[in-house]
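Taking it in order: structure first as structure tokens, then the write-up.
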Amino acid sequence: LGACSENDSEYIPIWLMLSTGMHPNDVSQARTKLKLERGVLYWKRAKNDKPRREIIPPQIVDRLENWLKHGRKLTRVGYFQLVGRVGTRVGHPEYSPMTLRHTFCINELRRMQNQPKPPPEMFMLLATKMGCTKAVVAQNYLDLTQWEDLGGKEDA
């Protein structure tokens, strides 16, 4: 996020994918799919129409509201290019919107794992939050575990 330009045309779409796990198809259809009400963002996931909602931090609400009303929306391919440009600024031109979604999942897994008593249905809770299957979350967990076993905990 720190590599985004000062205007919200880069920051808000990248924030949405990284902080909510939003699919790039949903970001590209933001005007019709996303609804912001009293600090809560509602949408239906692109691939399966599963309803999603996310509480938006107060410091993002006005920026998100402004971007939804006035920001230029890109196509799915446009967002892949945008994330690649921002990734290039931090030395990772291979970053894509799916990298951001995957990072969201991994960060949520870490947050749940670090609780004194992780929820027993951690995978199901995260799958519901992401609008995907438990199998997808399990694969991300396996990827995280393997990465950390290889010494990449700080880089994942």
Side-chain angles (χ1 to χ4, degrees), residues 1-114 125-133 136-137 139-144 146-148 150 152-156:
L1 288 169
C4 292
S5 63
E6 293 197 22
N7 66 38
D8 288 337
S9 64
E10 288 182 351
Y11 187 89
I12 292 298
I14 288 177
W15 185 90
L16 286 168
M17 291 180 270
L18 185 61
S19 300
T20 72
M22 190 176 287
H23 195 278
N25 285 346
D26 294 326
V27 178
S28 69
Q29 298 174 29
R31 278 201 179 96
T32 57
K33 293 193 80 160
L34 278 56
K35 187 175 183 179
L36 184 62
E37 291 182 355
R38 294 180 298 188
V40 179
L41 185 64
Y42 298 90
W43 74 98
K44 289 190 178 181
R45 184 161 180 258
K47 287 187 171 184
N48 55 25
D49 269 347
K50 288 185 179 178
R52 293 279 327 277
R53 71 172 182 237
E54 194 75 31
I55 297 170
I56 304 300
Q59 65 271 24
I60 298 293
V61 170
D62 290 341
R63 294 173 75 177
L64 176 57
E65 203 167 58
N66 186 53
W67 181 81
L68 287 170
K69 288 180 186 172
H70 306 291
R72 180 172 171 243
K73 308 308 175 286
L74 303 175
T75 64
R76 183 176 173 269
V77 172
Y79 284 116
F80 270 81
Q81 293 169 343
L82 180 142
V83 172
R85 277 193 311 272
V86 173
T88 298
R89 292 180 202 146
V90 293
H92 289 281
E94 74 280 5
Y95 282 1
S96 75
M98 296 313 288
T99 305
L100 302 179
R101 183 170 164 76
H102 184 77
T103 300
F104 168 78
C105 184
I106 286 174
N107 287 341
E108 286 295 299
L109 284 167
R110 280 187 176 143
R111 186 183 63 75
M112 288 181 184
Q113 283 178 316
N114 290 333
L125 290 170
L126 186 49
T128 300
K129 185 171 186 157
M130 291 186 65
C132 65
T133 65
V136 168
V137 174
Q139 184 58 54
N140 283 330
Y141 178 77
L142 292 173
D143 291 348
L144 170 64
Q146 290 171 350
W147 183 258
E148 288 179 344
L150 293 171
K153 185 170 187 152
E154 298 305 315
D155 297 329

Under 3.5 Å donor-acceptor, Arg85 side chain and Glu10 backbone: no
Nearest-0.5 Å distance that lies between atom CG in Leu18 and atom CG in Asn107: 7.0 Å
Side-chain (Arg101) to main-chain (Met130) donor-acceptor, under 3.5 angstrom: yes
Student check: side-chain heavy atoms of Ile106 and Thr103 closer than 4.5 Å: no
Any donor-acceptor pair under 3.5 Å from Asn48 side chain to Gly131 backbone: yes
Inter-residue atom distance Leu36.CG - Trp43.CH2, 0.5 Å rounding: 11.0 Å
Stepwise side-chain contact (heavy atoms from CB on, under 4.5 Å) test for Tyr95 and Thr88: CA-CA 8 Å; Tyr95 282 1; Thr88 298; over 6 Å; no
Separation between NZ of Lys69 and CG of Leu64, rounded to the nearest 0.5 Å: 10.5 Å
Minimum heavy-atom distance Met17-Val83, with the two atoms named: CE-CG2, 4.0 Å
Lys50 side chain vs Lys129 backbone, donor-acceptor pair below 3.5 Å: no
Short side-chain to backbone donor-acceptor contact, Lys33 and Lys44, under 3.5 Å: yes
Shortest non-hydrogen contact from Pro24 toward Met98: CD-SD, 3.8 Å
Partner residues of Thr128 under the side chain to side chain contact (heavy atoms under 4.5 Å, CB included) criterion, sequence neighbours left out: Met124
Closest contact, heavy atoms only, Pro13 versus Ser9: CG-O, 3.3 Å
For the student: nearest non-hydrogen atoms of Tyr11 and Ile60, plus distance: CE2-CD1, 3.9 Å
Distance, nearest 0.5 Å, that separates CG of Leu41 from NZ of Lys35: 11.5 Å
Inter-residue atom distance Gln113.CD - Glu108.CD, 0.5 Å rounding: 11.5 Å
Flag if over 12 foreign heavy atoms under 6.0 Å of CZ, Arg53: no
Ile55, CD1: over 12 other non-hydrogen atoms inside 6.0 angstrom: no
Donor-acceptor pair, side chain of Tyr79 and main chain of Leu74, under 3.5 angstrom: yes
Neighbour count above 12 (heavy atom, 6.0 Å) for Arg38 CZ: no
For the student: nearest non-hydrogen atoms of Arg45 and Asp26, plus distance: CA-OD2, 3.6 Å
Value rounded to 0.5 Å, distance of CD1 in Ile14 from OG in Ser5: 8.5 Å
Minimum heavy-atom distance Arg63-Gln59, with the two atoms named: CD-O, 3.9 Å
